[in-house]
There are 2 protein chains.
Amino acid sequence: MIKQRMEMDQAAAVFKLLGDRTRLTMMRILADHDCCVCEFVAMFDASQPAISQHIRKLKDAGLVKESRRGQWVFYSMNRQYEHFEFVQLLMEALPSQEEKFTELEKQGKRISCD
Amino acid sequence: MIKQRMEMDQAAAVFKLLGDRTRLTMMRILADHDCCVCEFVAMFDASQPAISQHIRKLKDAGLVKESRRGQWVFYSMNRQYEHFEFVQLLMEALPSQEEKFTELEKQGKRISCD
DNA sequence: TTAGTATATAATGATTTGCTTATATATTCA
DNA sequence: TGAATATATAAGCAAATCATTATATACTAA
């Protein structure tokens, strides 16, 4: 696969999206696991609308995609995103947020749709 | 050198700083060359105060450092910055802004203090 | 159909951002 | 010293950002 040339405007737009603690952590988590909204709400100390609005920005920009599974809406990294590889490179430079996830399981708040 | 663990808050703060086209391009240029303020002013379609204010943010955060050379103030990447390597990794993922520089020389606006 | 759960959206407001204009400060050079 | 150049800072303002509250929509299950 050929690496897309990244324009500075686009790069700045990505950085801007990632320049928020909540969105950045969400993306880092999504690099490892799909996640539904209520899981994010449980992980972060944030309201459900706040989480929804952060996700919307990521979705509008194309970084994540959604898929409904029953009553839940799951989000995942969008591998079709023009600069997916760039985003992935960034996420790999950041520490795993696995604790957030294990903590969620400990609280019994993990949603599983398998 | 041991790679510093990057906290998400700090990472988000870096991304936020880079989430502006002008600052991001400045940083990309600084990855290759030191630069003085008037060179940035000539390169970007921006006023001198606007440029100064962008630089100040980068300096306050520790990403760049200044050194006066005669009447000019030159800026460079701060290699002592806690997350210098992280920033450098990001810059390497972006296209060189060499054209900006060559254009500057063509206009005879390159400042040289050697 | 109705209640309950999950999610999205709309309206609002405080805060932050990034410019502008005006002015202050620092340095060089005649 | 005084003029010219380079840079920084302050004040003010429009737009963007990010939360909150209230409400709408979508789905499940009884």
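Chain letters run A, B, ... following the sequence lines, proteins first, then strands; residues in each count from 1. Note that the structure is predicted; figures quoted are calculated from it, not measured.
In this structure, B/K16 does not reach the D/dT17 phosphate: none of its side-chain N or O atoms is under 4.0 Å from OP1 or OP2.
Residue contacts shown for A/R23 are limited to sugar-phosphate atoms, with no base heavy atom under 4.0 Å away. Using a 4.0 Å heavy-atom cutoff across all strands shown, A/Y75 reaches sugar-phosphate atoms only and no base atom.
Ion pairing between a basic and an acidic side chain is recognised when a charged N comes within 4.0 Å of a carboxylate O; A/D20 and A/K16 show no such pairing. Note on B/D34 versus B/R69: salt bridge recorded, some NZ/NE/NH1/NH2 to OD/OE distance being below 4.0 Å.
Between A/F15 and A/F86, the distance from one ring center to the other falls under 6.0 angstrom.
A 4.5 Å side-chain heavy-atom check between A/M43 and A/M26 finds every atom pair outside the cut-off. Residues B/L63 and B/M77 form no side-chain contact, since every pair of their non-hydrogen atoms from C-beta on lies 4.5 Å or further apart. Between A/I111 and A/C38 the shortest side-chain heavy-atom distance falls below 4.5 Å. Using a 4.5 Å cut-off on side-chain heavy atoms (C-beta onward), A/V64 and A/R23 make no contact.
Taking a heavy-atom distance under 4.0 Å as the criterion, the stretch of DNA chain C touched by chain B extends 5' to 3' from C/dT17 to C/dT28.
Taking all atoms of both residues into account, the shortest heavy-atom contact from B/L24 to A/A11 is CD2-CB, 3.7 Å.
No side-chain donor from either of A/H33 and A/Q97 sits under 3.5 Å from a side-chain acceptor of the other.
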(request) Would you mind building the protein contact string for nucleotides 25-30 of chain D? One character per nucleotide, 5' to 3', B for base within reach (heavy atoms under 4.0 Å), S for sugar-phosphate only, - for untouched. (result) -SSS--
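If you take CG of A/L18 and P of D/dT17, they are 14 Å apart, rounded to a whole angstrom.
For residues 49-62 of chain A, proximity to DNA chain C is found at A/P49, A/S52, A/Q53, A/R56, defined as any non-hydrogen atom under 4.0 angstrom from a strand atom.
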